[in-house]
Each structure stands twice: as C-alpha cells, then as structure tokens.
Amino acid sequence: MLEANGNLTRMLELVALGEEERKLVEQGMALNQLLLSRLADEPTPAGPTPRELHSGKRKPLSVLTETVGLVKPD
C-alpha cells in the first residue's frame, strides 16, 4: 500500500494518459492516502501501529516483557 502512491505517481509522470485516465489515477492516489491515514493507528500483526513505526516510538512487545523478561518496560 505504501508503494502504491509511488507507482501511481510514476504512472502520471511516465505514461501518456487521457483526461479520464489521469482523473482515475489521481482518485486512486487520494483514496490510497485516505486509507493509509485511517490505518495509521491500527496495530500491525507485530503490535506497533504504523504511526509508531514511523515516529520511532515503539512499545516493547508484551511477549518480551512479560514472558521472556528480555526487555524491561518503561
């Protein structure tokens, strides 16, 4: 999904598109961005949210803190 906007941007730059095709690509970019913003606070399968991954702020995984004791919680 993160690569989709890049692919659509390259399409706009490199492929000769008609007016309707250009509008569809631009709509696709807008919809993709909307979906990414909606999912920014949804946890990934590993636990942290995309926003946390981007910000560099990561929560210790409970498996490591509670079960294994490898990481001490803040």
Side-chain angles (χ1 to χ4, degrees):
M1 285 182 52
L2 295 174
E3 293 180 19
N5 271 354
N7 293 337
L8 292 170
T9 300
R10 280 191 294 283
M11 184 182 293
L12 286 175
E13 294 171 354
L14 302 175
V15 179
L17 299 173
E19 186 178 329
E20 288 296 314
E21 295 165 325
R22 184 174 203 76
K23 285 180 184 179
L24 289 171
V25 171
E26 290 170 349
Q27 282 180 336
M29 291 173 69
L31 289 172
N32 187 51
Q33 193 59 42
L34 179 63
L35 181 58
L36 286 173
S37 65
R38 285 184 182 173
L39 295 175
D41 294 313
E42 290 294 321
T44 62
T49 67
R51 189 180 314 275
E52 290 170 340
L53 291 171
H54 259 18
S55 71
K57 297 178 183 175
R58 297 183 182 185
K59 298 177 189 173
L61 297 175
S62 60
V63 171
L64 297 177
T65 57
E66 297 167 7
T67 308
V68 183
L70 294 176
V71 178
K72 295 183 181 183
D74 296 333

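Every value quoted in this text rests on a predicted model; they were computed, and no experiment measured them.
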Leu17 side chain reached by Val25 side chain, heavy atoms, under 4.5 Å = yes
If we only count heavy atoms from C-beta on, is the Lys23 to Glu20 side-chain gap below 4.5 Å?
-> yes
Test side-chain contact (heavy atoms from CB on, under 4.5 Å), reference Ser37, set Leu34, Leu35, Asp41, Leu39, output is Leu34
Of Asn7, Leu12, Leu8, which is the lone residue that meets side-chain contact (heavy atoms from CB on, under 4.5 Å) with Arg10?
-> Asn7
Measure the spacing between CE of Met11 and CG of Leu24 and express it to the nearest 0.5 Å.
-> 10.5 Å
Once you round to the nearest 0.5 Å, how far does CE of Met29 lie from CD of Glu26?
->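 It comes to 7.5 Å.
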State, to 0.1 Å, how close Pro50 and Glu42 come at their nearest heavy-atom pair, and which atoms those are.
->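 Taking Pro50 first and Glu42 second, the nearest heavy atoms are CD-O, 3.1 Å.
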Give a yes or no answer on whether the side chain of Glu52 reaches the backbone of Thr49 with a donor-acceptor pair at less than 3.5 Å.
-> yes
